[in-house]
Amino acid sequence: MAVQESVLVLQERLANEQKLVHLIDRIHSAKTLDTIFIEIQGDILSFLDADRMTLYVVDIEKKELYSKFLALDAVKEIRVPINEGSVAGFVATSRQTVNIADAYDTGEVAKVSPKLRFDSSWDKKTGYRTTQILGMPILHENRLVVGVVQLLNKKKGGRFTKDDELNVARIAKTLGVAFHNQQQLGAKRGTKFDYLLAQGLMSQDDVNAAIAAARHKNTDVEAVLLDQYRIPKGELGTSLSQFYRVPFVEFNERIIPPPDLMKDLKLEFLKRNLWLPLKRDNDGTTIVLIDNPQDIQRVDSIHQVMRGHKIQLAVGLKKDIQQFLGMAGGEGTGGARASMSDILSDLGAEAQAEKEQDASGSEVDENDSAVIRLANQVIVDAFKARASDIHIEPYGAAKDTMIRLRIDGGCNEYQRVPGAFRRALVARIKIMAMLDIAERRKPQDGKIKFRMPDGRDIELRVATLPTQGGNEDVVMRILSASEPIPIDKLGMLDRNLREMKSAAEKPYGLILCVGPTGSGKTTTLHSVLGYINKPERKIWTAEDPVEITQYGLRQVQVQPKIGFTFAQAMRAFLRADPDVIMVGEMRDEETAETGIEASLTGHLVFSTLHTNSAVETVIRLLDMGLDPFNFADALLAVLAQRLVKRICPECKEEYHPDEDEFAELEHAFGGKEETAKFGIEYSDDFVLFRGKGCGSCNNSGYRGRAGIHELLVANDAMKRLIANKARVTEMVTTAKGDGMTTLVQDGILKALDGLTDVKQVKAVAIK
């Protein structure tokens with residue numbers, strides 16, 4: 001009997017060995033990874049003692065594991081981040097085998113790693129109950145992780161045994177070779193449109209027909225796919241980006257090719273070869289756009305022509321590259337947009353002509369036509385790029401003058417102008433702003449009224465500053481917002497909007513808006529004034545300068561140079577029968593005292609201050625020497641605000657943050673007690689948002705800015721604290737009890753709504 005049993009065991013082992021050899025042969029002969037996923041995975045599972053199995057392959061670029069499965073005759077894909085947020089992710093990260101008897105036993109899971117977490121979301125969706133898990137890394141040559149094999153629920157017995165691990169290890173060794181080979185082959189064998197096929201946007205027959213149509217029409221396949229098959233440009237771009245392994249950039253008139261690079265390249269040569277230097281990254285890398293980054297001959301010529309430049313290729317559609325080149329040549333906008341490279345070329349020609357006429361070789365001056373065109377073009381391009389400021393930074397005659405644009409709060413290099421033209425350019429701008437061109441030793445400020453080619457008028461505030469080496473810098477702020485934004489469009493939370501409207505409707509009192517320079521204080525105050533701007537109310541404003549104009553407001557520009565200060569303007573207003581007074585800034589005790597006196601004598605007073613938070617504003621004004629009783633009596637509200645970068649709506653995506661990221665968010669919000677008040681808690685359904693980066697946002701992931709607010713309302717309890725000069729902590733506690741959200745909290749709530757992200761909130765609101 002014993003002999004018979006041993007024979008049966010041997011026969012079973014032999015049968016298993018034969019099955020294993022057959023499996024190994026099938027894995028090695030598989031032509032694609034999909035064959036292993038769809039056709040062979042089931043046979044591997046039947047060989048192992050498990051209820052379910054998932055094979056994952058490493059996607060190195062995305063730092064993810066992915067698997068494919070068949071569902072209703074369609075191949076679907078699942079992806080898992082390579083981190084400790086899942087068992088498979090942990091196995092890939094740690095290269096360790098994980099053998100768990102009960103996935104829901106947090107103690108057992110924590111023994112494997114304190115950070116390891118079993119993701120039960122799949123069980124909840126399907127109703128399947130995971131118990132045992134065996135996860136093993138798939139290694140190539142015992143060193144490179146190329147995938148993970150994960151078994152769920154052992155068919156016989158309490159947990160996966162050492163024999164089970166041994167069987168999985170033998171399969172994993174074979175899969176390691178197969179996965180590595182398939183990845184290598186896939187990299188060589190893929191086509192430009194594999195992504196479109198995988199997403200079901202078209203079939204292989206469609207691709208073949210499009211190729212034939214492109215040949216017949218003598219055009220490119222991409223144009224046929226866009227026009228005839230209505231493939232979205234973004235999806236086609238993703239397909240090209242994945243195939244060529246470089247970023248995809250589509251045409252955007254706000255992306256201005258660097259003129260200093262373009263001026264050394266002949267436009268006809270670029271049009272013939274279909275490439276161009278598109279922009280510079282922050283690290284100095286030049287992004288070169290081309291329709292085929294695998295065209296060795298053209299790529300070699302790029303490196304030869306642009307020798308000395310650090311080059312990063314990007315892929316674009318032929319039509320888009322032609323549009324960029326057309327724009328660089330002054331085409332595509334009805335001739336309104338001059339070519340910057342042409343302007344710089346003309347500057348050089350004029351400089352040469354002057355040298356030939358004048359033996360002393362004087363520099364180009366501010367009245368030369370090319371200098372005038374250059375100054376105008378800088379302003380036009382900056383406005384089109386949505387810039388708030390233009391910075392002109394000379395470094396002497398020997399080095400190029402840098403021109404930078406501030407867009408959405410960050411400075412980007414726009415172009416370089418040869419140093420010989422620095423003084424002519426600065427002088428031209430000073431003439432436009434009616435400043436003294438002979439005075440180069442002192443700072444000056446003025447204004448430019450500029451008419452755009454489309455007939456629109458814009459205004460620029462100009463400041464000049466003498467810098468080292470006898471140079472003069474110019475900073476121009478574009479004052480494009482001539483109309484106020486409606487108060488409902490400021491993006492305030494419901495409580496803040498309600499309280500702000502309530503305060504603005506009061507007949508008298510003091511309302512302050514605080515924050516650093518450029519945080520939108522004046523814009524907010526004008527929105528509030530717009531809300532109460534009715535024929536029965538007389539509103540006076542004193543500003544420096546008047547940026548936003550409103551019908552119905554009587555607006556005055558102060559002139560500190562002649563002694564006409566904010567305090568003087570306010571005293572004049574009090575003799576001019578006001579209902580509402582807005583003072584640009586409370587810079588000193590005199591202005592603050594006059595404002596409080598005005599608010600106590602039956603006027604509604606608005607003003608701004610440069611402070612960090614609403615409560616700090618109260619302390620700052622008390623420290624300036626104001627009478628605490630009068631101040632407490634006068635104050636209605638203090639609104640602190642900042643501007644954060646807004647996530648680009650074109651490329652916004654949801655993602656599930658890991659526990660560490662949530663813990664960081666929770667800490668910034670003020671701890672568990674604070675998040676609990678707003679119902680913020682971590683779960684499998686908790687999502688945040690981010691921008692992937694696209695042509696619309698210049699691949700930054702951000703486009704435009706939004707306000708975050710902190711509104712302190714001066715109710716009776718707060719007025720008592722102010723009158724008694726209470727400590728900051730007491731005021732903050734009382735304000736929060738009254739419903740105040742801090743700047744950080746307001747920002748995080750807006751991040752949860754997908755308006756911005758926590759990183760941007762921390763950048764502007766956390767000290």
Side-chain angles (χ1 to χ4, degrees), residues 254-267 270 275-289 302 305-312 324-325 327-330 337-352 363-366 368-385 387-407 410-430 462 464-465 467-476 478 698:
R254 288 184 295 273
I255 300 176
I256 304 156
D260 60 307
L261 294 178
M262 292 293 291
K263 71 181 169 66
D264 296 326
L265 300 166
K266 289 186 177 171
L267 207 56
L270 295 177
W275 65 266
L276 81 158
L278 193 64
K279 55 186 174 179
R280 276 197 191 86
D281 268 357
N282 293 334
D283 63 355
T285 303
T286 302
I287 308 294
V288 174
L289 190 64
I302 289 169
V305 170
M306 304 195 69
R307 198 179 284 116
H309 291 270
K310 187 181 171 187
I311 294 199
Q312 160 73 51
F324 274 124
L325 288 167
M327 192 171 74
R337 187 191 190 285
S339 162
M340 188 61 76
S341 53
D342 287 349
I343 292 171
L344 292 172
S345 173
D346 291 349
L347 271 174
E350 287 181 10
Q352 188 61 38
E363 292 183 344
V364 170
D365 70 33
E366 63 277 1
D368 286 315
S369 63
V371 173
I372 294 169
R373 285 161 55 211
L374 174 63
N376 292 347
Q377 196 60 49
V378 168
I379 295 170
V380 170
D381 286 349
F383 183 80
K384 284 187 175 179
S388 60
D389 299 86
I390 305 165
H391 296 255
I392 298 173
E393 303 163 347
Y395 292 89
K399 292 185 179 176
D400 287 349
T401 293
M402 175 85 77
I403 302 178
R404 294 195 289 167
L405 306 180
R406 186 180 293 281
I407 302 169
C411 276
N412 304 299
E413 182 180 327
Y414 155 61
Q415 73 168 31
R416 295 166 191 252
V417 176
F421 311 137
R422 72 198 186 287
R423 285 190 174 154
L425 177 59
V426 171
R428 174 61 196 163
I429 289 165
K430 287 167 86 171
V462 181
T464 69
L465 292 99
T467 46
Q468 187 271 335
N471 296 308
E472 220 178 346
D473 278 34
V474 178
V475 179
M476 294 182 276
I478 300 172
N698 209 6

- Minimum heavy-atom distance between Asn471 and Pro394, given as atom pair plus value: ND2-O, 3.7 Å
- Message: What verdict does the side-chain contact (heavy atoms from CB on, under 4.5 Å) test give for Asp381 and Gln377, after you've listed the backbone C-alpha separation in whole Å, the side-chain angles of each residue and the deciding distance to 0.1 Å?
- Response: CA-CA 6 Å; Asp381 286 349; Gln377 196 60 49; 3.0 Å; yes
- Message: How long is the straight-line distance from CD1 of Ile407 back to OG of Ser388, given to the nearest 0.5 Å?
- Response: 8.5 Å
- Task: Write down the atom of Gln415, the atom of Leu374, and the distance for their closest heavy-atom approach.
- Result: NE2-CD1, 3.7 Å
- Task: Could you pull out the closest heavy-atom pair between Ile429 and Ala375, with the gap in Å?
- Result: CG1-CB, 4.4 Å
- Message: Would you say that Arg428 contacts Val474 through its side chain, given a criterion of any heavy-atom pair below 4.5 Å between the two side chains?
- Response: no
- Task: Return the set of residues passing side chain to side chain contact (heavy atoms under 4.5 Å, CB included) with Thr286 (not counting sequence neighbours), or none when no residue passes.
- Result: Leu261, Pro277, Arg280, Val288, Met306, His309
- Query: Do Ile311 and Thr285 pass the side-chain contact (heavy atoms from CB on, under 4.5 Å) test, and can you show the C-alpha distance, the side-chain angles, and the key distance before you say yes or no?
  - Reply: CA-CA 6 Å; Ile311 294 199; Thr285 303; over 6 Å; no
- Task: First locate atom CD of Glu413, then atom CD1 of Ile403, and finally report the distance between them rounded to the nearest 0.5 Å.
- Result: 10.0 Å
- Rounding to 0.5 Å, atoms NZ (Lys399) and CZ (Arg422) come to a distance of 12.5 Å
- Query: Less than 4.5 Å apart, any side-chain heavy atom of Phe383 and any of Ile478?
  - Reply: yes
- Task: Name all residues meeting the side-chain hydrogen bond (donor to acceptor under 3.5 Å, both in side chains) criterion together with Glu393; count only those two or more places apart in sequence or in a different chain, and write none if there are none.
- Result: Arg404
- Query: Which value, rounded to the nearest 0.5 Å, describes the distance between Leu289 atom CG and Ile287 atom CD1?
  - Reply: 10.0 Å
- Should Asp473 and Ile392 count as side-chain neighbours, where that means a heavy-atom distance under 4.5 Å? no
- Check whether any side-chain heavy atom of Val426 sits under 4.5 Å from a side-chain heavy atom of Thr401, and report yes or no. no
- Message: Within this structure, what is the CD1-CG distance for the pair Ile302 and Leu265, rounded to the nearest 0.5 Å?
- Response: 10.5 Å
- Query: Given side chains that start at C-beta, do those of Tyr414 and Val378 come closer than 4.5 Å, heavy atoms only?
  - Reply: yes
- Message: Rounded to the nearest 0.5 Å, what separates atom CD1 in Ile390 from atom CE in Met476?
- Response: 4.0 Å
